[in-house]
Amino acid sequence: SSPQESCASCGFRAPDQSERVNIDFLEAVKRHILNRLQMRDRPNITHPIPKAAMVTALRRLHAGKVREDGRVEIPSFDGQAAFNNEVQAETSEIISFAESDEHTSTKSGLYFLVSNEGNQNLYVSQANLWLYFRVLPAGPEKGLRRKVTVKIHYQEAGAASGAEGGPGGGGGGGGGTGRWALVEKRVDLKRSGWHTFPLSEAVRAVFGKGSRRQDLEVHCEGCETAGVAPVLVDPGDPSHRPFLVVRARQADGKHRIRKR
Amino acid sequence: GLECDGTSGGLCCRQQFYIDFRLIGWNDWIIAPAGYYGNYCEGSCPAYMAGVPGSASSFHTAVVNQYRMRGMSPGSVNSCCIPTKLSTMSMLYFDDEYNIVKRDVPNMIVEECGCA
């Protein structure tokens, strides 16, 4: 066949048939995927998230349907972009799973390491905490309506980062080293189940500080008498592990089309 | 656009190429999809291709092709085979800190090829 002319503007010249499975070609495609995900290297997964926690989070979110064969199907964001007539900068949804360490109170503390995907100017459009409340076996009889007040304390923007001390109650040394803000919600519990708490401001505050650690304190007024309890970080119960969903987009602002 | 399925006669076409993430050991951090269509464009763009409808990669190329067909080529630049239509890929993956990230990555899959 006639030799393939190189073209001034075609930087990439595909290998010919015999080299297709050439490892360089494969590496080029891998590099392309990592570039588009703004990653330098592929993540190093040493201790994977329990599958039960992952499946629960995905199922709760409709972010993906887990098929019988375990494969995941993902609906894309596009439908929503068309919905609000705005040209969306790249939107991503980040699910972080709760962790605990020696800085968090075992009774009421947990923290999240929220990813900003290596992007400093990520705009958080929405963030929700998902908490599972379990009706304790020894609680009042089934079907009784239980109204409790759940208080989520988080550190405000400008507060010293780190979880030393808590909002004047639990969490290590007691007394806070920074200002804590509060999200409060009345929850009506009939049975065990998931509940969400809006934490957009909290996550924006963490990103605003250039940090990614989101410390929370969870207090529930009335839970004991109602015989219910929020599940925090419990290795024995991975499928009810709290998780944080952050919907963010790259704040570039250039490509916005507004209705006039 | 044309598909490189042996019938394109060496003309600019789309070559399909699928990478299964399990085969390259990436299925531990990419939850979905199961693989990636790393399609690419290959083939020649001779002058007579300029008249083939749908082969121009952009309106600008269609206009230049009209000049070329009439022998009024603006300079001696060759035409080359590039993607003319790309689509978005929705991905679900773990990052370094075990967050699950769900993202639509635009212009990720080559759907069609044409001559620029």
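Proteins come first, then strands; the chains are lettered A, B, ... in the order of their sequence lines, and each starts at number 1. Bear in mind the structure is a predicted one, so any value in this text is a computation, not a measurement. The figures that follow rest on heavy atoms only: side chains count, while hydrogens, waters and symmetry mates do not.
With a 4.5 angstrom heavy-atom cutoff, B:Y36 touches chain A only via side-chain atoms. Both the backbone and the side chain of A:I33 come within less than 4.5 Å of a heavy atom of chain B. Residue contact with chain B, scored on non-hydrogen atoms closer than 4.5 Å, involves the backbone of A:V114 exclusively.
Of all the heavy atoms in B:C81 and B:C13, the pair that sits closest is SG-N, 3.8 Å.
Both the sub-6.0 Å distance and the 45° axial angle are satisfied by A:R213 relative to the ring of A:Y111.
Qualifying salt bridge (Lys or Arg N to Asp or Glu O under 4.0 Å) partners for A:D234, counting only residues two or more places apart in sequence or in other chains: none. Under the ring pair (Phe, Tyr, Trp, His ring centres under 6.0 Å) criterion, A:F133 pairs with A:H195, sequence neighbours left out.
Contacts with chain B were tallied for A:L244, A:V246, A:T46; A:T46 has the most, counting heavy-atom pairs under 4.5 Å.
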